[in-house]
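Per chain, numbering begins at 1; letters A, B, ... match sequence-line order. As a basis for the values below, the full set of heavy atoms in this structure was taken, side chains included, without hydrogen atoms, waters or symmetry mates.
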There are 2 protein chains.
Amino acid sequence: MVTAMREAESAVLEPHSASKPYHHGDLSRALIQAGRRILEAEGPAGLSLRAVAREAGVSPAAPYHHFKDKGELLDAIASEGWREMGAAIAQARATGPSASSSTLNIGVAYVCFARDNPALYRLMYKMARDKQTMEGHAKDAESGWSHVREALKEAGADVSDERELTLATIGAWCAAHGVAEMAGFKEFERLKAELGGEEAFVRAVLSHIVVFPRQTMRYPCPDEAVR
Amino acid sequence: MVTAMREAESAVLEPHSASKPYHHGDLSRALIQAGRRILEAEGPAGLSLRAVAREAGVSPAAPYHHFKDKGELLDAIASEGWREMGAAIAQARATGPSASSSTLNIGVAYVCFARDNPALYRLMYKMARDKQTMEGHAKDAESGWSHVREALKEAGADVSDERELTLATIGAWCAAHGVAEMAGFKEFERLKAELGGEEAFVRAVLSHIVVFPRQTMRYPCPDEAVR
DNA sequence: TCCCCCATCTAAGCGCTGTCAACATTCTTT
DNA sequence: AAAGAATGTTGACAGCGCTTAGATGGGGGA
């Protein structure tokens, strides 16, 4: 009664959604937050299940009542990341000065998210690639994905049908991902300085990703035997 | 001299000898090969230093006489990977049917290398990104990098100076990396089938990475305050 | 030719990890 | 109030990276 009230308060709001923890308050949420704190502070190397439990103030075995194994906790953390990245993309599209530039703005926002949350960003793709799918994450990031698609359409991308729009969307996402993973390399520091900062560098690189000769090699490709 | 030759042979093809070597012939090479074997067979999760030592038939502490720590062994494995990828790129450029298509051919070869050596490819970038540099690897991959640059120049990429060529080279590399990391997702399987196979899919995506409106947003970018 | 040095390898062990089974505690339900 | 499910703790196990101390044997100096 009294105890119940204390715990209800200490629980992180959320009135009464079906079957929530009782003892700690909301351990599963606390574990995710603890995990993100460790990820930021010490990088992925420090993100052990025991360290997360320690940070949350519980015993090493406690998390197993909320997550099947370590991977499931990491999945939950990654999911949060996908959701936040989707929001960042949505915002970039909304605040862009014009439709024709929103594609680039989205790309920059994407890379900035990765720069500001490097360990989280890497974890997101690690979990996705381990399972060879973005499903689940894709649902979380669907807003992001569809924003890219819509932005491409509005920008009048040179696509003639839905399939080409899909290919362009995939291409844009891949390009942004590539830049996000490369932008941190020291080799580019001089160039960044010359261009006036990291963000200008990212804009410049993204703007120059126009390299593959589409007109000479359409996709029902004649010489399939190159490799 | 004779002994040296025997050891050199036994290092490559182990399976014989009534008496096993007193001091392993060329352990550091054997460890790298064992590591690659494990990486292929069990993925990065199975790649423990102890497992590598086991595979090579030595005690768990033996590797420490050849590599300062586990990271140094992984670096050596990754280096081999960069070298092989550079060779694959060089070959793709050499065997391309025409100069104008060699850019795309290089991209396809890049992605195919990643597809055929997924764990190795991931390890390569993990090691590079942990150190925030491709140096060392960059030297190994320099042939690859410069091939891309030259191919872009020959293809008559729309660049007006050396800096733009550099930006285009970075962009192309980033795009290929992005596609390499994404191409394995199950979400694209239907599209792959429709396009006639994985390689056609890769060609199509690479060909459609022409998304960022370069003409409307050059790099001394006016509205820097988007993010 | 011999022998000894020292690079190479082994054995043992430390503190860490993920995971589990057994036990203890608390909340919900009846 | 008793039962039972949910939640947390303790202790243990095997495997990990890494270190130290000691054994081994091959190539260079005598």
Rounded to whole angstrom units, what separation is found between the [atom1] atom of [X] and the [atom2] atom of [N]?
X        : N       : atom1 : atom2 : value
His65(A) : dC20(C) : NE2   : C1'   : 10 Å
Ile38(B) : dG15(D) : CD1   : P     : 15 Å
Arg29(B) : dT8(C)  : CZ    : P     : 17 Å
Arg54(B) : dC9(C)  : CZ    : P     : 18 Å
Asp26(A) : dC27(C) : CG    : C1'   : 15 Å
His66(B) : dT10(C) : NE2   : C1'   : 13 Å
Lys70(B) : dG15(D) : NZ    : P     : 16 Å
Asp69(B) : dT19(D) : CG    : P     : 8 Å

message = For a quick test of reading the model, state the closest non-hydrogen atom pair linking Ile106(B) to Ala92(B) and the distance between them.
response = CA-CB, 4.2 Å

Nearest atoms (heavy-atom pairs only) where Ala53(B) meets Pro63(B) = CB-CG, 4.0 Å

Let's see if you can work this out: which of [options] has an atom nearest to the side-chain heavy atoms of [X]?
X        : options                   : answer
Tyr64(A) : dG17(D), dG18(C), dT10(C) : dG18(C)
Leu27(B) : dC9(C), dC18(D), dC16(D)  : dC9(C)
Arg50(B) : dG17(D), dT8(C), dT19(C)  : dG17(D)
Val58(A) : dG18(C), dT10(C), dT9(D)  : dT9(D)
Ala62(A) : dG8(D), dT10(D), dG17(D)  : dG8(D)

ask   = Where does the angle between the aromatic ring planes of Tyr121(B) and Phe113(B) fall among parallel (under 30°), tilted (30 to 60°) and perpendicular (over 60°)?
value =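 Correct class here is perpendicular.
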
request  = For Arg93(A) and Thr103(A), test the side chains for any donor-to-acceptor distance below 3.5 angstrom and give the result as yes or no.
outcome  =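 Distance-only check fails for Arg93(A) and Thr103(A).
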
message = Measuring centre to centre across the rings, with the benzene-like ring taken for any Trp, is Tyr125(B) within less than 6.0 Å of His177(B)?
response = yes

request  = Check every strand shown and say whether Ser59(B) touches a base, only sugar-phosphate, or nothing at a heavy-atom separation below 4.0 Å.
outcome  =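 Since a base atom lies under 4.0 Å of Ser59(B), the category is base.
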
